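Worksheet: the structure to be examined is printed underneath.
It should be emphasised that the depicted structure is a prediction, and the values quoted were computed from it without experimental measurement. Proteins get letters first, then strands, A, B, ... in listed order; numbering begins at 1 in each.
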Amino acid sequence: MAVARLPLSIDHIPEEKRSIYDAEPVLSGRGMRIQWGHVVGLDGVDIDLYKGEVLAVIGDNGAGKSTLIKCLTGAYEPTGGTVYLDGQEVHFKRPQDAREAGIETVYQQLAVIPALDIASNLYLAREERRAGPLGSVFRMLDKRGMARRAGESVQNLGIQTIQNMGQAVENLSGGQRQAVAVARAAAFGSKVVVLDEPTAALGVKESGMVLDMIKQLRESGLGIILISHNMPHVWEAADRIHIQRLGGCAGVITPQSHDMGEGVAIMTGAKKLVQDQLDGAA
Amino acid sequence: MSTASSDAAAQFSGRQQSALQRVQNALHLYPWISPLVILILSFIAFTILNPRFATAGSMGLLIQQMAIVAALAIGQTLVILTAGIDLSVGAITVLAMMVMATLAKDGGMPGLLALIIGVGLATLAGLLNGILVTRMKLPPFIVTLGTLSIFTAIALLYSGGSSIQASHLPAFLNWLGKGFSIGGLRLTYGVLLVILLYAVVGFVLSQTAWGRHVYAVGDEPEAARLSGVPSRRVLLQVYTVAGFIYGIAAWALIGRSGAATPNAIPTANLDSITAVVIGGTSLFGGRGRLIGTLIGAIIVQTFAFGLSLAGVNQQWRLLAIGLLVIIAVSIDQWIRKVK
Ligand SMILES: Nc1ncnc2c1ncn2[C@@H]1O[C@H](COP(=O)(O)OP(=O)(O)OP(=O)(O)O)[C@@H](O)[C@H]1O
Ligand SMILES: [Mg+2]
């Protein structure tokens, strides 16, 4: 039943992973459409994300990858289409609606506040208050507690170069800022984590840590959307690969069904994904 | 020989630079340090020029004179922290003041009720600014330039443009002009109220989530929105709270001027912006501390008072304040370059 929703044959899913696709998708988009004047950003895109899988989204610059995830996470209000979370129709009007529903996103342009310190950034819009009347009556922030837990989150990611959580984010390097944004998503995502090019500014070692973190999150049963231009990363980490092209979906493949060269060929339009080629086995 | 000296030079310049960078970093973390230094230096200078400056009597007068601008500068700080600017500060204050006084005089309304209506109206005026900024997406400069004229016109039309003397007003509306002395230092209840406002707003800005959100919205509005900060609501609240503070300041202003007059505070806009800027808050938003604004307001008044005690022409005060503003903005530009 559920397999029917996959635009490729179950044969291309490793046997031990197949059970993932028996369940309902944790996050789905149907007919996602967005338009700015005459510019069509998304032209009716379907997407399904299952619990415990990493769905990579690849595509050329301007293919609509970021637009797609922004429509799913409340950053953009799509002009058409429906979003489902755990099978229920949802309407995220603002990013905080999606966050409250358990979807954490690392946006490409990194939604961090340079003037605030690392701990404040990690806890922005979900600040924790002090215990007792200081917190409940005077609304006083638990700065020390947040700094401690922020330190733990960053440590969990294995980033050693960030020590002082009281440091302003503007004093961090580009990669360190990215690490802060990723740590925030990893710490608070309870259902879905969306990462829009999370390793773009990272060194080899740090990229490896982010990939490890993605695998950890997958183990703990979250659904992860990973946008990346780094094909080796995608083929290493992804369970399925959604290929975005010219505002539409050019198909969904797996690292087992296609190699990197074929994937890139489909992405650039050099090759068409022939659906029955995949369905043939089924 | 030449290697040794160039080494020494490199070492020297290296040390020089790191010291400068340390200053830059410190100012970045504590933007109110430079105004505090200026304040202390000007205190010393004015005391040398005229020893009467450092007396309790002079200080009491100085504090009373700066209190109203200091109060208005709280609202202005909130708005500027969100990368906005409020040109309707004076207009809202005068509107609230004239409405309170007219209601109490002509309508014979009890002072407390007139105060509540006046402050409520100022709050609504701030809310209107906020709605225009957040819903119509108009630049704050344009919005408040427009409401500056509108509120001024309403205040003049409503009050008939004439002053109302304190003797025609209920004691309650004049009460903030009353005060007490501590060993020659005379303070009014208005001054105490302004200090209380600073304590409350300072606490809210530095210790609560809302305060964080104000900084976040001012620094990077889109990043704040994507991080889940309800940016528009925060902006709306900032303008509304600012209006409320102007309303309270209007009450203090009646007590201070001993009357309600439409031209009680003609330089409110520029004075409040000057206090905020000299206090180290960035006009680009997201950076600054309320304590800096208080120091800024004291500096402005110190120059006015100190120069007049020293028998110097008031034109020099304008010159000095102008220089301070330019220095403060230059320092801000410089410390914002910290990487
Ligand atoms: N707010 C907007 N207004 C108008 N056009 C937009 C807007 N956001 C995106 N677009 C357009 O939609 C198209 C897709 O952009 P998008 O950012 O989704 O691409 P992308 O696949 O993420 O590219 P990249 O790999 O460079 O990040 C682009 O042509 C872009 O110009
Ligand atoms: Mg993108």
| Can you tell me if B/S88 and B/N129 form a side-chain donor-acceptor pair at under 3.5 Å? | yes
| said: Less than 4.5 Å to any heavy atom of chain B: does that hold for the side chain of A/R130, its backbone, both, or neither? | reply: neither
| request: Could you tell me which portion of A/E104 (side chain, backbone, both or neither) has an atom closer than 4.5 angstrom to a non-hydrogen atom of chain B? | output: neither
| Sequence-distant partners of A/T105, side chain to side chain contact (heavy atoms under 4.5 Å, CB included), two or more places apart | A/I69, A/T73, A/I103, A/Y107, A/V194
| field | Inter-chain contacts: residues 205-227 of chain B against chain A, heavy atoms under 4.5 Å | value | B/S206, B/Q207, B/T208, B/A209, B/R212, B/H213, B/Y215, B/A216, B/D219, B/E220, B/A223, B/A224, B/R225, B/L226, B/S227
| task | Establish, from distance only, whether the side-chain atoms of B/T281 and B/T77 form a donor-acceptor pair under 3.5 Å. | result | no
| query | Side chain, backbone, both or neither: which part of A/Q96 has a non-hydrogen atom closer than 4.5 Å to chain B? | reply | both
| request: For B/Y198, look at atom OH and say whether over 12 heavy atoms of other residues, nucleotides or ligands are found less than 6.0 Å away. | output: yes
| query | Would you call A/L195 and A/I214 a side-chain contact if the rule is heavy atoms closer than 4.5 Å? | reply | yes
| Would a line drawn from the ring center of B/W251 to the ring center of B/Y189 be shorter than 6.0 Å? | no
| Which is it for A/M165 and A/K143 under the side chain to side chain contact (heavy atoms under 4.5 Å, CB included) test, yes or no, and what are the steps along the way? | CA-CA 10 Å; A/M165 292 301 123; A/K143 289 187 183 179; over 6 Å; no
| Short side-chain to backbone donor-acceptor contact, A/Q178 and A/E197, under 3.5 Å | yes
| remark: When the 4.5 angstrom heavy-atom criterion is applied to A/F138 and chain B, the contacting part is both
